[in-house]
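Structure first, then comments.
Computed from heavy atoms alone, side chains included, the values below leave out hydrogens, waters and symmetry copies. Indexing begins at 1, ligand by ligand and atom by atom, following the structure's order.
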Amino acid sequence: MASSGMITVTGLDLTYDDRRVLHGVDLTVGPSQMIAVTGPSGAGKSTLLRVLGGIEPPTAGLVEVGGLDVGGMSPRERRRYRRNLVGFVFQDGGLDEARTVRENLTVAARAMPATPSGRPAPLRDACHALGVDCWFDTPVHRLSGGEKQRVALAQLLVRRPPLVLADEPTAALDRDNAELVVLLLRGLCDQGATVITATHDDRLVLASDEEFRIRIGRNTGV
Ligand code: ADP
């Protein structure tokens, strides 16, 4: 990632309408660390990931990623930041449903960052690693939720973003596939990516370097 690869969040507030979802979040993540954000449903885990990924601008506070002031970016700068640095694995898609798995991976490979973290995998190898190679030429809308999630993970292997943000990446998977995903995320981190997950999965927490427990009220940690 640019600069030191550190993530520093200080005094982050996020308010939707009149509702304060994140309040006083302080978080420091070292370069190439894997962090599990945990906490009850509705605590703001996904919201924190969206702020770190430059989707949601904070209401107040400092959000710095790899020396970049993500909180202070214009919408255009945030788009560029997402394209150049961030890989998302979100439950509600991120994939082009009308296109095949192969086409989705081709688009991801074209969007490879200038400084990829690790060596990009060939498209079919990435699918094979996630057990979705049998769907290579199938439109994404025909896949189950768990299969789509694995395609989103395969995109990380072909694109190699320095920052990976994964929202409950094991939630829709059976045990074997969940373990595969934990290993894959750990592997991406070991090869240089910073990986932040929102999760309720103990295996993912155990594989992480740190757990950041988020709760209503003040949040300080890592
Ligand atoms: P978690 O991931 O911990 O389950 P979320 O970050 O998804 O929590 O949501 C935190 C709170 O913010 C929830 O109460 C949710 O309803 C609310 N929220 C999330 N997104 C929006 C939005 N776009 N507009 C209004 N409220 C939202």
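- Ligand 1 places these atoms under 4.0 Å from at least one heavy atom of Thr47: 5 (P), 6 (O), 9 (O), 10 (C).
- Of all protein heavy atoms, the one closest to atom 21 (C) of ligand 1 is Tyr16 CE1, 3.2 Å.
- Ion pair Arg19/Asp17 not flagged as a salt bridge, since none of the NZ, NE, NH1 or NH2 atoms sits closer than 4.0 Å to an Asp/Glu carboxylate oxygen.
- A donor-acceptor distance shorter than 3.5 angstrom exists from the side chain of Asn104 to the backbone of Thr100, with no hydrogens or angles considered.
- The ligand atoms of ligand 1 that sit less than 4.0 angstrom from a heavy atom of Pro40 are 3 (O).
- Counting only heavy atoms of the protein, atom 1 (P) of ligand 1 lies nearest to Gly42 N, 3.4 Å.
- Screening Arg160, Arg119, Arg186 against Gln191 for a side chain to side chain donor-acceptor pair (under 3.5 Å) leaves a single residue, Arg160.
- Not a single heavy atom of Gly39 sits closer than 4.0 Å to an atom of ligand 1.
- By the 6.0 Å contact criterion, NE2 on His128 is open, its count of non-hydrogen atoms from other residues, nucleotides or ligands being 12 or less.
- Proximity of Ile7 to Val63: side-chain heavy atoms (C-beta onward) are nowhere separated by under 4.5 Å.
- The Arg19 neighbourhood of ligand 1 comprises atoms 14 (O), 16 (O), 17 (C), with distances under 4.0 Å to a heavy atom of that residue.
- Here the closest non-hydrogen pair linking Leu52 and Tyr81 is O-OH, 2.7 Å.
- Heavy atoms of Ala198 found under 4.0 angstrom from ligand 1: none, in either backbone or side chain.
- Remark: Arg79 does not engage Glu77 in a salt bridge, criterion side-chain N to carboxylate O under 4.0 Å.
- Here the protein heavy atom with the shortest distance to atom 8 (O) of ligand 1 is Gly44 N, 3.2 Å.
- Close N/O approach between Ser41 and ligand 1 is not found [any backbone or side-chain N/O within under 3.5 Å].
- In summary, the atoms of ligand 1 found under 4.0 Å from a heavy atom of Arg50, numbered by their order in the structure, are 19 (C), 20 (N).
- Considering backbone and side-chain atoms alike, Val21 places every N or O at 3.5 Å or more from each N or O of ligand 1.
- Salt bridge Lys45/Glu168: absent, no basic N to carboxylate O contact under 4.0 Å.
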